[in-house]
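Read through the structure below, which is laid out as structure tokens, and then see the notes.
The chains referred to below are lettered A, B, ... by the order of the sequence lines, with proteins before strands, and numbering in each begins at 1.
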Amino acid sequence: MRGAPLILVLAGGGTAWILHLLTGYFLVSLGCPRGWPALGWTLITVTGMCTASAFAVAVVALRARRRADAGLEDGETSRLLSSVAALLATLFAIMIVLGGLAVAALPPCQEAVGGQ
Amino acid sequence: VTSSPPPDSRVRAFEEIWHDHGGPIGTLATIQNIPISHRYLAAAFGFFLAGGAMALVIRLQLAFPNATVLDARTYNQLFTMHGTTMMFLFVIPFLEALAAYVLPLMLGTRELPFPRMTALSFWTYLFGGIFLYSSFLFGLAPDAGWFAYVPLSGPRYSPGLGIDFWDIGLSVAEIAAMGAAAELIVGVLRMRAPGMSLARLPVFAWAMLVTGVMIIFAFTPLIVGTAMLELDRKHLTRFFDPDAGGKPLLWQHIFWIFGHPEVYIMFVPAVGIVSQVVQTFTRRPLVGGTLVILALVATAFISFGLWVHHMFATGLAPLALAFFTAATMMIAIPNGIQVFAWIATIGRGRPRWHPALLFVVGFLVIFVLGGLTGVMLAAVPFNWQAHDTYFVVAHFHYVLIGGVIFPIFAGLYYWLPKITGRLLNERLGRWNFWLMFVFFNITFFPMHVTGLLGMPRRVWTYGEGLGWSAGNFVSSIGAWGFGAAVLLFVVNLAWSLWRGSPAGADPWGSDTLEWRESSPPPEAQFGRLPIVATRHPGWDRGAPTPDARVAAAVALLDHAPTRWRGALVVSAVEGRPLAVVQVPGPTVVPLVISLGIVGLLAAALVDSLALALLGSLVTLAGIVGWFWPRRVERFAQEDLGTPSADRLPLAVAGPLANGWWATVVLVLVMATALVTLVASYIYLGDGTLAWAPTVPEPRLALLSIGLVLACVPAIGVAALSVRRDGAWTGRLALAVTMGLGVTSLAVGVMAYRALGVAPHESAYGSIVVALLGYQGLVVGLALAMLVLAQLWAWLAPRDPRGHAVTFNSALVIAFAGFNGLAVFGTVYLAPRLG
């Protein structure tokens with residue numbers, strides 16, 4: 001694995017996590033004052049999609065790892081990079097799920113707090 | 001590879017071509033990584049001592065209640081300059097300088113990819129730092145904190161030139177850091193010993209690669225932000241002025257989207273240093289090396305998603321607070337992986353308790369404590385209680401001194417013998433460590449308590465009877481002790497230079513390549529390139545026989561070339577030899593450009609047109625000198641211009657050339673600036689795209705963007721023609737591209753006039769003009785590159801250096817098209833959504 005596919009699997013999980021974080025933040029910041037309908041379900045859908053994307057990246061990376069183990073690709077480097085990518089994507093998928101727990105536990109729109 | 005040694009005459013010629021001559025001009029003209037790194041390290045350490053001295057005066061003022069050592073204004077100036085110095089003028093430049101010294105040796109190559117850029121970064125950084133410090137001479141030192149929050153730093157509440165010194169001086173230091181980052185990224189990915197695949201890359205090199213990428217994405221928003229602040233201060237725009245629809249909190253978002261990754265930009269290189277030191281002094285490979293690399297990449301990502309935790313007290317929706325609390329706590333996962341990996345390595349190895357390893361253990365203890373208070377601060381209710389108190393001061397000093405300064409000292413004890421050729425005194429080193437460790441905790445641990453007792457940050461004095469006096473007194477004693485401990489290191493360094501034992505090539509029995517060269521290393525590093533077959537080339541001798549291509553590359557470059565400075569370029573992933581690159585020799589051009597930039601700085605500060613013209617002329621002269629053809633480049637083409645089966649090509653143009661990759665980095669920087677501006681537009685519009693007072697008429701702008709987009713196929717034809725030696729077609733296509741670009745600019749100016757917005761009247765006008773101006777800037781840059789390409793096409797149509805300019809222009813023009821579409825969509829289409 002090299003070039004764009006390599007960058008994609010290395011960065012895919014992290015990108016899904018950042019997308020989830022930013023989308024969640026902006027949906028709440030923008031949607032609540034405007035009374036957007038079904039905001040809670042939108043957030044849950046976004047969480048689901050981002051989790052699925054991160055897991056999909058992990059699966060692609062694991063398959064690359066298997067190909068490397070089978071000797072179909074340059075062994076040492078492919079094994080390292082695909083292992084790192086698979087672990088990263090799994091970590092980020094878990095992080096998306098944990099971040100998404102707040103969506104399930106809290107109503108999406110509550111008054112802003114903490115301003116001094 | 002076993003082959004006969006090269007003749008002495010070739011070795012002498014090789015050493016001569018890499019030798020920089022002395023004398024005043026020779027000293028100023030040197031651009032090699034080693035002498036430049038010496039200066040960079042010395043300057044950064046000088047700023048560290050200056051920043052530390054300011055901290056001691058601050059602690060003197062706070063030692064007793066109602067003290068009058070300093071007045072409030074001077075106190076504000078000192079804590080602002082202390083933070084600014086440590087964050088911008090010490091840690092990042094010092095780590096980049098250390099990397100610039102160590103990396104080429106560690107990677108088994110002869111130089112960094114862009115030595116002129118290294119020199120330019122150094123001079124620009126030095127002049128930027130001096131510029132900032134010169135504010136003390138005029139009694140105008142900045143006094144709004146290292147984060148310069150608006151409105152305090154705006155024109156209304158900071159009317160003098162203090163913040164302008166901060167804004168302008170800092171921008172230059174940031175640009176220097178970004179230049180060095182581009183150098184590190186391209187260097188790690190492309191300039192390595194044959195066989196050094198990514199799997200065999202030392203952890204320090206991984207760390208610097210990750211750091212370089214983070215700097216590109218984190219520093220760009222700050223450069224955009226400081227430009228916006230400076231424009232506001234000059235009353236040209238009103239981005240942050242609420243009276244004109246601006247938002248002060250926009251500054252906080254921009255600053256912390258830089259500021260939080262900045263913490264990890266400092267910490268990630270420390271991870272690299274600690275990993276190398278732990279491996280060497282426990283005499284075993286790092287436990288969980290793959291996981292440590294994973295943690296580095298994960299840290300880089302997560303660090304960009306935490307900035308809002310600096311703004312928990314600004315008023316946020318509970319769900320948004322929950323997102324960022326979760327994200328903040330997650331950073332403990334990669335950090336925990338690293339900490340456990342180091343502890344396991346020490347536990348399973350045979351530690352030699354050298355001062356470098358002691359500093360690592362000190363780092364582990366202090367950093368973990370800082371991490372624990374970080375997790376406490378990630379909890380919103382506690383954050384609100386501790387916000388802006390000395391608890392936070394204690395937390396970030398535990399993280400930054402523990403997580404960065406202790407590893408830097410570990411790195412100094414580890415690599416200084418390589419740099420100076422002499423060992424440091426280990427006994428003094430142990431004293432140095434224990435005093436620093438003990439006095440650090442005496443200084444900063446009581447601050448947790450004074451913070452919890454309610455002492456706010458940044459107060460210049462406090463009254464009696466608040467319960468803060470004892471804690472502050474102890475902290476001040478500790479600070480002065482810590483300062484003395486740091487001076488002990490200076491004493492140790494002086495002792496080492498005077499009476500230290502010769503270090504020899506490898507005093508520690510290390511596993512990486514820098515220890516194969518003499519200490520200090522020769523100017524001509526790696527006359528014979530090493531071949532890497534394992535992750536620990538210093539420990540795993542008896543490497544397998546290299547393949548024919550690797551053997552041929554090593555033989556080709558064995559103490560060669562001798563008429564020009566040449567280095568090997570390898571493939572980024574596998575480390576296979578790809579090409580030979582010509583490395584520039586001594587030149588004063590980087591210094592000249594830096595002086596020109598200083599002129600421009602001063603002009604911006606005092607609003608002098610004459611000074612601006614002078615600065616521009618000097619900078620332009622430097623840029624012309626940078627691109628002026630040289631004889632050695634001709635030699636390089638004569639020697640290697642014709643590739644054949646058994647010879648490596650000369651990398652001049654296209655994806656094989658380092659310059660092409662530097663342009664890719666430039667495009668990433670420009671894309672990040674675009675995202676910052678578009679996000680600012682959305683934020684200023686309260687989250688809506690449709691906030692324009694009137695819906696703008698799009699026809700002229702559409703024409704302007706259409707012309708830029710038409711440049712893309714035109715430059716494509718030019719690039720294809722150049723590749724196929726079609727001189728006339730190439731010139732014509734370049735001329736058409738230039739014509740389209742110039743017309744696009746002219747139409748763009750007309751479109752702006754038709755908009756009827758003024759940047760100084762409203763935040764809307766400010767951001768729209770910023771977006772349109774940015775598009776003009778990108779197209780202008782592309783045009784400047786096209787002028788160069790056209791000159792080459794006429795003067796030397798077959799010269800690959802000219803082809804390189806055409807290919808690189810094509811990248812910038814493609815981005816200009818994308819940028820134009822994004823700007824058009826934001827300014828002209830988005831208002832139609834409402």
Give the minimum heavy-atom separation between B:Ala320 and A:Val28, together with the two atoms involved. N-CG1, 4.5 Å
Looking at A:Glu76 and B:Arg200, is any side-chain nitrogen of the basic one under 4.0 Å from a carboxylate oxygen of the acidic one? yes
Among the listed options B:Ile302, B:Leu291, B:Val297, B:Val308, the residue most often paired with chain A at heavy-atom distances under 4.5 Å: B:Ile302
State the [atom1]-[atom2] distance between [X] and [Y], to the nearest 0.5 angstrom.
| X | Y | atom1 | atom2 | answer |
| --- | --- | --- | --- | --- |
| B:Leu319 | A:Cys32 | CG | SG | 7.5 Å |
| A:Thr15 | B:Phe304 | OG1 | CZ | 12.0 Å |
| B:Leu201 | A:Thr77 | CG | OG1 | 10.0 Å |
| A:Leu98 | B:Ile333 | CG | CD1 | 7.0 Å |
| B:Phe301 | A:Trp17 | CZ | CH2 | 10.0 Å |
| A:Leu6 | B:Leu198 | CG | CG | 7.5 Å |

Proximity breakdown for A:Leu91 and chain B, heavy-atom pairs closer than 4.5 Å: side chain
Which pairs count as side-chain hydrogen bond (donor to acceptor under 3.5 Å, both in side chains) when at least one residue sits in residues 287-298 of chain B, sequence neighbours excluded? none
Chain B neighbours within residues 18-27 of chain A, where any heavy atom lies under 4.5 Å away: A:Ile18, A:His20, A:Leu21, A:Leu22, A:Gly24, A:Tyr25
